[in-house]
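Let me begin by presenting the structure, written as structure tokens, before commenting on it.
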Amino acid sequence: MNLVGTLYVVALSGCAVAAVTALLAPPRVRPHLAGWCTAGAGAAGAAAGVGAVVAAGAGQSWSAWLPELLPLAGVRLTVDPLGGVFIAVTGVVAACAAIYGIGYCEHGLDGRVFQSVLPLFVAAMLVVPAAASVSTFLLAWELMAVSSLLLVLAEHRRRPAVGRAGLWYAVMTHLGLVTILAGLVAFAAGAGGESFEQLRAAALSPAAKTVVFLATFAGFASKAGIVPLHVWLPRAHPEAPSHVSALMSAAMVNMGAYGVVRVGLDLLHGGPAWWWLLVLGLGAASALFGILQAVVASDLKRLLGYSTTENLGLVLVGVGAAGFFAASKLPVLAALALAAALLHVINHAAFKTVLFLSAGSVLHATGTRDLDALGGLRTRLPYTTVVFAIGALCASALPPGNAFVSEWLLLQSLIHALPGSGVAGAVTMPLAVAVIALSAGLAVATFVKAFGVGFLARPRSAEAERASESPPTMRGAMALAVAGCVALALAPTLVVPALGRAVGVVFPGRDVVTGELTLRLAGVAGMISPLLIAVALVIAVVAVLGLVRVTAARRARRAARLWDCGAGPMSARMEYTATSFAEPLQRVFDDVLAPESDVDVTPVKESAYLVERVRFHARVPDRIEHRLYDPLIAAVSAVGRGARGLATGSVHRYLGYGFWALTAAMVVLVVLW
């Protein structure tokens, strides 16, 4: 066993030790012991993933077959550079979330079930990218789904909304599992075996490949929160404990993107261009729809949930572009687009961990997620304010944020595709560039709103006025996540060249990104220096602050009072709320968002002409949920109510049902045979 295998086994063993410790330890020390064991397991997993990517050329990939662990097929594991990227991301996020959970879980979440399920969730996410057979992959996928569902439901006794969110998540994730199961089982049947090596060597017909791809893509898109299968994500992420939300949003949803890359580009060796145009189109729609919903959301964690839909949409834009370029015989652009998608997976995991952990700190301090009820946190939560500001800058894709580099690489691959990608590329690539640019602009507005209204404005509630800073373990975990964001933002050259090895798993022999971030594209080279950009911005900010201070001092010497319309000093009622800040954008995209409003006028009892109270209600529902899922649920409910008449209690009738069902199944089998 080499170093990668040793570290990977240590990571899985650490998760097992953490689960057992959580079951046996007394409540007083349970969060500490389970949390530190899980953090150590995450660190070992991150080291194993990094080792598989960095030392791939030295034969450091690791494989194992454990026939005794699973009946008939056994467990097959392979840690290669592609899976290593996702293992490393999961390990780092798990380490930060586990340390954060030590302080977060001291009041109400220190039970045996919750503390033991969390490391099992981490273990499942470490196994999914390493699975090398259909049975191993499906088993790990189901363990990931069930364990995450239990974590989402952790606080169902406190809030009824948790139960509803858990129901949505359970239905969507298991419907996705059914489609993945159907696709991979059909793939294994056609290949004559279930190991990934046998699947790669299979010679399926084009129709069979299409069925496998579409079935698996539906399941993976559901896990990634891609439109229109995203409806569980903005429900489950806000209701889960904050460090679980970070694990789900920064690590678990990545497995959907991993599944598309592994099955579509690796096991199926690509496919026709329309497959990948479908992936690209749904990714672009998800990016735009997700950020539109985020910009009008006033629930802080719901806003971050929709931001996850946006960023995974951008990842699938890169994956779809890579598949399309490969089908169009443009291998250099295909490798670059896939490298950009993998880099955005890493960057999104980093800044989304920062944002969810800092949002959890706000919730821990105030008890609310409503931005309209927050404000004034800059003075009461100074540490959390700085952390959230860094995460917001990174999520806005502005330099020197880390998301800027990955989106810049993605844009480069799309822009340079125009000369040789044919008519389809000439139509779709400019549209994709426009969607990325629009989503980036809306992301800036979204996080300016979240940070400005939630932290810089005046407090709008007693809870915000009484807020106090988080415990040391929570602050330490946020510091680790921020350090990762800063490293990725200022020194992306430490990460980008290594991604070439992961890309080489799918597109062998393609290394288009060098240590200087130079693009080798048909003689066209573009270079950026994130460190120089950061230095220039720091100098500019210092200069502006100095100018503002000098100007303020001159005005103070004049001792002139500003005209305030007789209203006196500014109050919280005079400032923008999150809802009012987003209202102009809501008007621009009114036809897409379809907001709902209602005015309730209550007259006094003595006269209908005198008004006692006026209430204005406004909300922006998820239009896809309203137009697609509500009618579907109503139809299913109607069928269920009608089917009650079949349950008469007669045993003879039930036997008749079984007879006719068996007869119909036999007729279908005979026809297919």
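At least one donor-acceptor pair closer than 3.5 Å links the side chain of Ser396 to the backbone N or O of Ala392. Side-chain atoms of Thr385 come within 3.5 Å of backbone atoms of Leu377 as a donor-acceptor pair (strictly under, hydrogens ignored). Under a 3.5 Å cut-off, the side chain of Ser298 and the backbone N or O of Asp372 do not form any donor-acceptor pair. Between the Glu469 side chain and the Tyr383 main chain, a donor and an acceptor come within less than 3.5 Å of each other. Using a distance-only test at 3.5 Å, with no hydrogens or angles considered, no donor-acceptor pair links the side chain of Arg302 to the main chain of Ala297. Lys223 contributes no side-chain N or O that, together with a main-chain N or O of Met252, makes up a donor-acceptor pair within less than 3.5 Å. The main-chain N or O of Ala246 is never found under 3.5 Å from a side-chain atom of Ser249 such that the two would form a donor-acceptor pair.
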Applying side-chain contact (heavy atoms from CB on, under 4.5 Å), run through Tyr104 and Ser470 and close with a yes or a no.
CA-CA 9 Å; Tyr104 191 85; Ser470 303; over 6 Å; no
Verdict with supporting geometry, Leu303 and Lys449, side-chain contact (heavy atoms from CB on, under 4.5 Å):
CA-CA 11 Å; Leu303 179 152; Lys449 176 192 76 173; 3.7 Å; yes
Using side-chain contact (heavy atoms from CB on, under 4.5 Å), reason through Thr309 and Gln293 one step at a time and then give a plain yes or no.
CA-CA 10 Å; Thr309 294; Gln293 289 291 332; over 6 Å; no
Does Trp168 form a side-chain contact (heavy atoms from CB on, under 4.5 Å) with Glu239? I'd like the steps, not just the answer.
CA-CA 12 Å; Trp168 274 90; Glu239 302 303 337; over 6 Å; no
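Residues Ala321 and Leu414 approach most closely at CB-CD2, 3.7 Å, considering heavy atoms. When all heavy atoms of Ala582 and Val296 are compared, the pair lying nearest together is CB-CA, 3.9 Å. When all heavy atoms of Ala373 and Ser461 are compared, the closest pair comes out as O-OG, 2.6 Å. In terms of heavy atoms, Leu304 sits closest to Lys352 at O-NZ, 3.4 Å. Taking all atoms of both residues into account, the shortest heavy-atom contact from Thr353 to Ala250 is OG1-CB, 3.4 Å. Between Phe86 and Pro129, the shortest heavy-atom distance links the atoms CB-CG, 3.9 Å.
Between Val227 and Leu282 there is no side-chain heavy-atom pair separated by less than 4.5 Å. Looking at Leu312 and His348, their side chains come closer than 4.5 Å, going by heavy atoms from C-beta outward. Looking at Tyr306 and Asp622, their side chains come closer than 4.5 Å, going by heavy atoms from C-beta outward. A 4.5 Å side-chain heavy-atom check between Phe589 and Leu442 finds at least one atom pair inside the cut-off. For the pair Glu625/Pro228, no side-chain contact is recorded, criterion being any heavy-atom separation below 4.5 Å from C-beta on. Using a 4.5 Å cut-off on side-chain heavy atoms (C-beta onward), Met172 and Arg235 make no contact. Considering only heavy atoms from C-beta on, Glu310 stays 4.5 Å or farther from Thr446 through its side chain. Contact of the Leu357 side chain with the Val387 side chain is not registered, since no non-hydrogen atoms from C-beta on lie closer than 4.5 Å.
Of the residues Val260, Leu316, Leu229, the one that meets the side chain to side chain contact (heavy atoms under 4.5 Å, CB included) test with Phe220 is Val260. Of the options Thr579, Leu292, Leu593, a side chain to side chain contact (heavy atoms under 4.5 Å, CB included) to Val620 is made by Leu593 and by none of the others.
Remark: Ile291 CD1 to Ser439 OG distance equals 7.0 Å, nearest 0.5 Å. With values rounded to the nearest 0.5 angstrom, Glu465 atom CD is found 10.0 Å from Thr379 atom OG1. One finds the CZ atom of Phe121 at 6.5 Å from the CG atom of Leu151 (value rounded to the nearest 0.5 Å). Taking OG1 of Thr473 as the start and CE of Met478 as the end, the distance is 9.5 Å to the nearest 0.5 Å. Rounded to the nearest 0.5 Å, atoms CG (Leu338) and CZ (Phe325) are 12.0 Å apart. Atom CG of residue Asn254 and atom CE of residue Met248 lie 12.5 Å apart, to the nearest 0.5 angstrom.
Below 30°, between 30° and 60°, or above 60°: for Phe388 and Phe451 the angle between ring planes is below 30°, a parallel geometry.
For the 3.5 Å distance criterion, the side chains of Ser148 and Tyr169 qualify, holding a donor opposite an acceptor.
Of the charged side-chain nitrogens involved, none lies within less than 4.0 Å of a carboxylate oxygen, so that Arg380 and Glu463 do not count as a salt-bridged pair. Taking the charged nitrogens against the carboxylate oxygens, Arg159 and Glu155 do have a contact shorter than 4.0 Å, which makes a salt bridge.
Judged as a side chain to side chain contact (heavy atoms under 4.5 Å, CB included), and not counting sequence neighbours, the contacts of Ala284 are Val317, Val435.
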